Amino acid sequence: MKLKQRVVLLAILLVIFIFTKVFLIDNLDTSAANREDQRAFQRMLAGLRVALDPRLEHTLQSPWEIAAQWVVPREVYPEDTPELGAVMHAMTTKKIIKADVGYKGTQLKALLILEGGQKVVFKPKRDYIVEGEPYAGYDRHNAEVAAFHLDRILGFRRAPLVVGRFVNLRTEIKPVATEQLLGTFMTVGNNTCFYGKCYYCRETEPACADGDIMEGSVTLWLPDVWPLQKHRHPWGRTYREGKLARWEYDESYCDAVKKTSPYDSGPRLLDIIDTAIFDYLIGNADRHHYESFQDDEGASMLILLDNAKSFGNPALDERSILAPLYQCCIIRVSTWNRLNYLKNGVLKSALKTAMSHDPISPVLSTPHLDALDQRLLSILATVKQCTDQFGPDVVLVEDRMTLSHL
């Protein structure tokens with residue numbers, strides 16, 4: 001065969017390969033890896049509904065011990081968690097033995113210790129109307145619950161466990177509260193209230209119960225054997241009017257990020273992309289920092305902590321949250337496949353099912369659920385723009401590959 005014919009043949013084969021990859025991935029690829037993605041999706045759907053059941057079969061361990069053993073460098077809980085309902089039941093029913101002001105931060109929260117010594121973070125329900133910037137308003141307790149279940153649905157498994165809980169401030173909290181927390185309690189009308197200790201906590205803006213009963217969310221504290229390390233998010237905002245962050249005006253910003261540790265190798269940049277997708281779906285424009293496990297050398301997952309600035313305004317789609325995706329134009333194949341499986345109303349239905357047994361159900365309003373499906377379409381369209389521009393071989397990254405292979 002002549003050289004010219006060989007070149008033409010190779011070009012044709014290359015076009016066929018690229019077309020086949022796009023076609024297969026768009027139509028749920030039949031390769032072994034993608035078949036496994038599909039099976040994992042079906043397993044997720046089958047285990048979506050979590051009944052809060054106290055029974056722990058075939059073990060003498062406490063729910064806290066089980067949850068602590070789940071945590072590994074790349075996930076907070078495993079794919080197969082038959083004890084999840086029991087752990088979450090314990091979170092919402094175990095006796096509170098100590099209550100204190102929350103750890104450092106800008107928003108109101110309380111640190112509770114439950115029977116058995118387990119720490120949880122309690123975020124109270126606040127009445128508000130979300131206006132202005134996408135990161136405006138108080139923390140939203142229901143957002144934490146919904147974000148946890150979305151993490152399950154996406155298959156990331158990087159968010160700590162969260163469940164709704166009703167607490168009696170007068171009989172469950174005040175008798176075991178520290179002096180520091182107790183000093184922030186007050187009565188407004190017939191309602192018991194507290195304002196806690198935090199950067200934005202004000203005596204004039206307390207969180208109030210309905211009488212003595214307060215609705216909130218509890219987030220399971222990660223085991224102390226896994227200390228956290230805080231990082232500045234490379235796509236963080238300045239939060240200053242008239243001052244843009246570099247990523248907001250520099251279209252080549254991702255190239256600079258790729259040359260910086262820990263984004264120059266390992267899975268961290270792909271975790272940033274996953275997180276951007278997660279945050280866009282929930283409407284969280286406030287991830288200015290993030291946490292990983294300490295001494296991880298970039299191998300730890302990006303932990304999806306503090307998701308309460310989400311599900312504010314369902315009519316607002318803040319596209320800038322997706323900047324890591326559309327500036328870097330890379331995405332894990334497994335994430336891409338999972339997003340495609342969730343099209344055509346599956347995402348909304350799955351999240352509604354996952355949250356149906358939560359004590360504060362219904363967790364989200366219909367407009368918020370509808371917004372998820374619309375935002376999903378925007379994400380898929382963004383990835384398609386990337387594949388049209390750079391080709392699927394550049395954009396769609398196998399899970400086993402790290403940035404150094406790109």
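Bear in mind that the values here come from a model prediction, so they are computed numbers and not experimental data.
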> Quick one: salt bridge (charged side-chain N to carboxylate O under 4.0 Å, His left out) partners of Glu65, sequence neighbours excluded?
Replying inline: none
>> Taking the side chain as everything from C-beta on, heavy atoms only, tell me whether Ile331 gets closer than 4.5 Å to Leu339.
In response: yes
>> Going by salt bridge (charged side-chain N to carboxylate O under 4.0 Å, His left out), name the residues that satisfy it together with Arg202, two or more places apart in sequence or in a different chain.
In response: none
>> Under a 4.0 Å threshold between the charged nitrogen and the carboxylate oxygen, would Arg157 count as salt-bridged to Asp151?
In response: no
> Will you find, in the side chains of Asp212 and Thr192, an N or O donor that is under 3.5 Å from an N or O acceptor?
Replying inline: yes
> From His89 NE2 over to Leu56 CG, what is the distance, rounded to the nearest 0.5 angstrom?
Replying inline: 10.5 Å
> Between Tyr290 and Tyr263, what is the ring plane arrangement, given parallel below 30°, perpendicular above 60°, and tilted in between?
Replying inline: perpendicular
>> If the condition is side chain to side chain donor-acceptor pair (under 3.5 Å), which residues does Glu215 pass it with, not counting sequence neighbours?
In response: His141
> What's the verdict on side chain to side chain contact (heavy atoms under 4.5 Å, CB included) for His231 and Arg268, showing C-alpha distance, side-chain angles and the deciding distance?
Replying inline: CA-CA 11 Å; His231 309 263; Arg268 187 62 57 80; 3.8 Å; yes
> Just by distance, with hydrogens left out, do Trp235 and Gln327 show a side-chain donor and acceptor under 3.5 Å apart?
Replying inline: yes
> Does Gln180 have any side chain to side chain contact (heavy atoms under 4.5 Å, CB included) partners at least two apart in sequence or in another chain, and if so, which?
Replying inline: Asp100, Val101, Thr178, Lys197
>> For Arg237 and Ser320: C-alpha separation, side-chain torsions, deciding distance, then whether side chain to side chain donor-acceptor pair (under 3.5 Å) applies.
In response: CA-CA 10 Å; Arg237 302 173 188 276; Ser320 65; 2.8 Å; yes
>> Quick check for you: to the nearest 0.5 Å, what is the distance between Ser300 atom OG and Glu75 atom CD?
In response: 12.0 Å
>> Less than 4.0 angstrom from a charged side-chain N to a carboxylate O is my criterion; do Asp388 and Lys384 meet it?
In response: yes
>> Between Asp271 and Arg74, does any NZ, NE, NH1 or NH2 come within less than 4.0 Å of an OD or OE carboxylate oxygen?
In response: yes
> Looking at residues at least two apart in the chain, or sitting in another chain, which of them share a salt bridge (charged side-chain N to carboxylate O under 4.0 Å, His left out) with Lys348?
Replying inline: Asp370
> Should the pair Glu36-Arg43 be classified as a salt bridge under the 4.0 Å nitrogen-to-oxygen rule?
Replying inline: yes
>> Show, in sequence, the C-alpha distance, side-chain angles and deciding distance for Gln61 and Glu83, and conclude whether the side chain to side chain donor-acceptor pair (under 3.5 Å) test is met.
In response: CA-CA 11 Å; Gln61 293 180 303; Glu83 308 92 349; over 6 Å; no
> Salt bridge or not for Asp317 and Arg375, using N-O below 4.0 Å?
Replying inline: yes
> Does Thr335 have any side chain to side chain donor-acceptor pair (under 3.5 Å) partners at least two apart in sequence or in another chain, and if so, which?
Replying inline: Asp274
Name the atoms and distances for all side-chain donor-acceptor pairs under 3.5 Å in residues 116-124, with sequence neighbours left out.
| from | atom 1 | to | atom 2 | distance (Å) |
| --- | --- | --- | --- | --- |
| Gln118 | NE2 | Trp221 | O | 3.3 |
| Lys123 | NZ | Glu144 | OE2 | 2.7 |

>> Rounded to the nearest 0.5 Å, what separates atom OH in Tyr280 from atom CD1 in Ile277?
In response: 11.5 Å
>> Enumerate the ring pair (Phe, Tyr, Trp, His ring centres under 6.0 Å) contacts for residues 61-88, please, sequence neighbours excluded, ordered by first and then second residue.
In response: Tyr77-Phe148
>> Using side-chain heavy atoms (C-beta onward) and a distance below 4.5 Å, is Tyr341 in contact with Gln38?
In response: yes
> According to the side chain to side chain donor-acceptor pair (under 3.5 Å) rule, which pairs have a member within residues 355-366, sequence neighbours left out?
Replying inline: Arg49-Ser356
> Taking only residues two or more places apart in sequence, or in another chain, which ones meet Gln385 in a side chain to side chain contact (heavy atoms under 4.5 Å, CB included)?
Replying inline: Arg319
>> Would Arg246 pass as a cation-pi partner of Tyr253, given that its NZ or CZ must be under 6.0 Å from the six-membered ring centre and within 45 degrees of the axis?
In response: no
> Would you say Leu150 and Leu347 make side-chain contact, with heavy atoms under 4.5 Å?
Replying inline: yes
>> Evaluate Cys329 against Cys254 for disulfide (SG to SG under 2.5 Å), listing each step before the verdict.
In response: CA-CA 9 Å; Cys329 268; Cys254 185; over 6 Å; no
> Pick one: which of Thr187, Asn190, Val188 meets side chain to side chain contact (heavy atoms under 4.5 Å, CB included) with Cys208?
Replying inline: Val188
> Would you say Ser292 and Leu302 make side-chain contact, with heavy atoms under 4.5 Å?
Replying inline: no
> Which value, rounded to the nearest 0.5 Å, describes the distance between Leu372 atom CG and Leu342 atom CG?
Replying inline: 10.0 Å
> Quick one: salt bridge (charged side-chain N to carboxylate O under 4.0 Å, His left out) partners of Asp53, sequence neighbours excluded?
Replying inline: Arg55
> Just by distance, do the side chain of Arg158 and the backbone of Val76 share a donor-acceptor pair under 3.5 Å?
Replying inline: no
>> For the residue pair Arg165 / Thr93, report whether a side-chain donor-acceptor contact shorter than 3.5 Å exists.
In response: no
> Tell me the ring pair (Phe, Tyr, Trp, His ring centres under 6.0 Å) pairs involving residues 174-210, sequence neighbours left out?
Replying inline: Phe185-Phe194
>> For Asp264 and Lys259: C-alpha separation, side-chain torsions, deciding distance, then whether salt bridge (Lys or Arg N to Asp or Glu O under 4.0 Å) applies.
In response: CA-CA 5 Å; Asp264 55 348; Lys259 298 174 184 176; over 6 Å; no
>> Looking at every non-hydrogen atom in both residues, tell me the closest pair between Met355 and Leu369 and how far apart they are.
In response: CE-CD2, 4.3 Å
> In Å and rounded to the nearest 0.5 Å, what is the CD1 to CE distance from Ile303 to Met301?
Replying inline: 5.0 Å
> Does a side-chain heavy-atom distance below 4.5 Å link Met91 with Leu220?
Replying inline: yes
>> Just verifying a value: how many Å separate Asn284 CG and Arg140 CZ, rounded to the nearest 0.5 Å?
In response: 8.5 Å
